Amino acid sequence: MKERRKRDAGSWGRFFWCTFFVVFSCVVVTGVTFSTFSIFGEKFRPVLVSSWRKQAMEAIAGESFIPPAISIRETVIFPDQELVFLKYPPSARLFTKDDLDCLYFSPNSSDSHIKLPPEDVDGETRDHQIVRCPRRPRGFTLSLVLKSNALLRPGPTHQWDSLVYEALIDRDNTTVAFVKGLNLRPDRASDPTRFECVYGWDFRKPRFLLRSEVVSIAQEVVRCRTPLSILNNPQRLNSTIKVSVRMKGKGILNSIAEPKRRSPPDPPIRKQHEMCICTMVRNQARFLREWIMYHAQIGVQRWFIYDNNSVDNIEKVLESLETANLNISRHLWPWIKTQEAGFAHCALRARDSCEWVGFIDVDEFLHLPSGASLQDVVWNQSRSANNNVAELRISCYSFGPSGLTSVPPKGVAVGYTCRLSAPERHKSIVRPEALNSTLINVVHHFHLRNGFDFVNVDRGAMVINHYKYQVWEVFKEKFYRRVAAYVADWQDEENVGSKDRAPGLGTRAVEPPDWSTRFCEVTDTGLRDRVLQIFKDPETHRMPWQEHQQDEEDSSILIERDKQLRSQRLYSGWL
């Protein structure tokens with residue numbers, strides 16, 4: 001009887017693998033055509049990206065494939081470029097920009113192919129290195145080829161507009177997933193019972209997936225109840241298991257998000273830092289040095305820099321600041337137009353080490369007119385009988401070009417001294433422990449847990465100088481559609497009256513003849529005077545960040561070169 005069961009089991013096993021091999025062979029050779037289906041109100045046409053011919057690729061490169069231990073984990077297609085995520089074995093050396101090219105080839109021909117250098121190679125971990133390639137021409141497949149002509153096989157490819165792109169395991173053992181394409185109403189929670197979370201290695205095989213309850217869902221943040229079988233098995237968390245989201249009755253979103261534990265299960269008794277700052281940047285390296293040095297002087301102890309696809313050697317600037325014993329970490333955040341999600345992610349990262357976290361941009365400076373330290377102002381403004389204040393809302397004054405036509409050499413805080421009279425909006429400093437579990441935020445402020453409240457900070461104690469309208473050379477960069485801080489492309493006709501746009505500027509990046517004198521209603525030299533008093537060298541009259549002006553000029557050259565390359569590709573029909 002036992003022998004017969006063994007024979008039956010062996011027969012079924014052989015039958016399964018033979019069937020699988022035949023089906024897989026047919027798919028690879030002939031390709032598969034899918035019909036269009038709808039998910040979350042949008043239409044998608046899945047593409048089987050692996051329907052390419054190995055012989056064609058080998059003919060292109062003239063060599064063989066790279067060993068399978070180094071692989072393309074995923075590829076994500078953005079409007080103007082593609083992100084290729086690499087995965088390495090423990091002993092392999094990480095690639096640099098000089099090691100490889102982006103290879104574009106026709107799946108059915110070895111004669112039609114293009115090689116281009118990558119726009120950048122970023123990341124210092126073996127499971128999260130990113131190669132940025134120009135977007136593929138229509139009808140082509142993207143892969144990578146080493147200078148030695150060894151090829152990497154293409155990996156699964158996903159469109160950016162519908163994707164689970166980041167995930168982490170929170171201290172309460174829930175999974176926090178960050179999702180593009182849900183199109184939920186902003187600034188409010190949605191009904192979690194309409195959704196479920198899905199865990200697995202291949203979402204095309206429902207029998208091998210784990211499903212779990214959605215605890216909360218808002219904006220781009222989904223909090224899931226992590227299955228115990230995953231929590232109790234550390235090997236699964238360290239493997240390539242992914243999490244996705246499904247609207248009940250609909251399909252499962254594509255995912256590249258591998259949930260990892262990012263914080264300890266138990267909160268620390270005492271936070272390491274009293275005051276931290278989180279920001280998101282793209283090509284702001286030339287302004288970082290002044291911004292960080294100033295805030296270090298007034299009491300900031302830790303910086304979280306979320307890098308949104310910079311190409312201006314930002315890592316070089318941050319490394320030089322770290323050698324000055326400044327506690328700075330750079331986090332790759334390649335996801336476009338996701339500043340709210342990025343700040344929610346940063347709040348979770350900062351919670352275990354920071355008592356308070358400010359969420360401001362690099363062109364925003366906390367100004368303390370009284371001359372007190374930042375910690376003293378925060379303590380004075382937040383203290384109350386029941387200690388329930390968890391958010392300080394700070395008024396923002398918008399400064400204009402102040403008559404300048406070129407970047408001020410001593411820095412923005414010294415150069416721009418004329419602003420609008422009334423404040424525009426506010427930004428916040430929050431206690432991350434008190435944030436609502438949904439992590440809802442609108443960049444300017446977060447939602448708090450029940451029992452906590454916010455206060456509007458006295459303007460005589462603290463304001464934000466927002467150098468929003470700088471000289472045209474700097475300001476025009478905000479028209480670029482990937483700028484992190486703006487929801488809409490400034491070149492679109494939609495939402496022309498938004499406060500995120502310059503009044504009366506329209507949708508074209510053309511300098512008005514009177515730009516240098518605009519937005520000037522009140523002369524305000526308060527922060528300028530304090531910065532000069534603290535930082536100006538009495539002999540040379542120079543500021544400490546002026547010693548690195550060559551690095552800043554090099555950054556500007558890199559940015560301009562990047563813009564020219566993109567313009568050439570657009571003009572030639574490449575994108």
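Quick caveat, the model's predicted, so the values are computed rather than measured.
At least one donor-acceptor pair closer than 3.5 Å links the side chain of K97 to the backbone N or O of E119. Using modelled atom types, one side-chain atom of N308 and one backbone atom of W333 make a donor-acceptor pair closer than 3.5 Å. Proximity of a side-chain donor or acceptor of Q375 to a complementary backbone N or O of M275 within less than 3.5 Å is not detected. A donor-acceptor distance shorter than 3.5 angstrom exists from the side chain of Q546 to the backbone of M543, with no hydrogens or angles considered. Listed for the W515 side chain is a donor-acceptor partner under 3.5 Å among the backbone atoms of Q470. Side-chain atoms of E220 never come within 3.5 Å of backbone atoms of T338 as a donor-acceptor pair (strictly under, hydrogens ignored). The main-chain N or O of L368 is never found under 3.5 Å from a side-chain atom of S370 such that the two would form a donor-acceptor pair. Side-chain N or O atoms of Q301 include one that pairs as donor or acceptor with a backbone N or O of E274 at under 3.5 Å. Not one N or O on the side chain of D120 forms a donor-acceptor pair closer than 3.5 Å with the backbone of D122. Under the 3.5 Å distance criterion, the side-chain polar atoms of E521 are matched with a main-chain donor or acceptor of S421.
You'll find the ring centres of F359 and H445 outside the 6.0 Å limit. You'll find the ring centres of F365 and Y294 inside the 6.0 Å limit. Centroid-to-centroid, the aromatic rings of F178 and H345 come within less than 6.0 Å. The six-membered or imidazole ring of H466 lies away from that of Y397, with a centre-to-centre distance of 6.0 Å or more.
E391 and S428 share a side-chain donor-acceptor pair at under 3.5 Å. Looking only at atom types and distance, the side chain of D98 has no donor-acceptor partner in the side chain of T96 under 3.5 Å away. Side-chain atoms of H426 and N456 form no donor-acceptor pair, as typed in the model, at a separation below 3.5 Å. Side chains of Q272 and S353: no donor on one and acceptor on the other come within 3.5 Å. When only modelled atom types and interatomic distance are considered, S329 and R302 share a side-chain donor-acceptor pair under 3.5 Å. R289 and S320 are linked by a side-chain donor-acceptor pair at a separation below 3.5 angstrom, with hydrogens and angles left out of the test.
The shortest side-chain heavy-atom distance between C102 and P118 falls under the 4.5 Å cut-off.
The pair R349-E166 does not count as a salt bridge, with every side-chain nitrogen at least 4.0 angstrom from each carboxylate oxygen. We find that D101 and K147 are joined by a salt bridge, their nearest charged nitrogen and carboxylate oxygen being less than 4.0 Å apart.
With a 6.0 Å cutoff to the six-membered ring centre and a 45° limit on the axis angle, R136 does not count as a cation-pi contact of Y104. Both the sub-6.0 Å distance and the 45° axial angle are not jointly satisfied by R138 relative to the ring of F140.
T75 and E82 get closest at one heavy-atom pair: CG2-OE1, 3.5 Å. Contact record, C418 with S402: N-OG, 3.0 Å, taken as the closest heavy-atom pair.
Heavy atoms of other residues, nucleotides or ligands lying less than 6.0 angstrom from CG of N325 number 12 at most.
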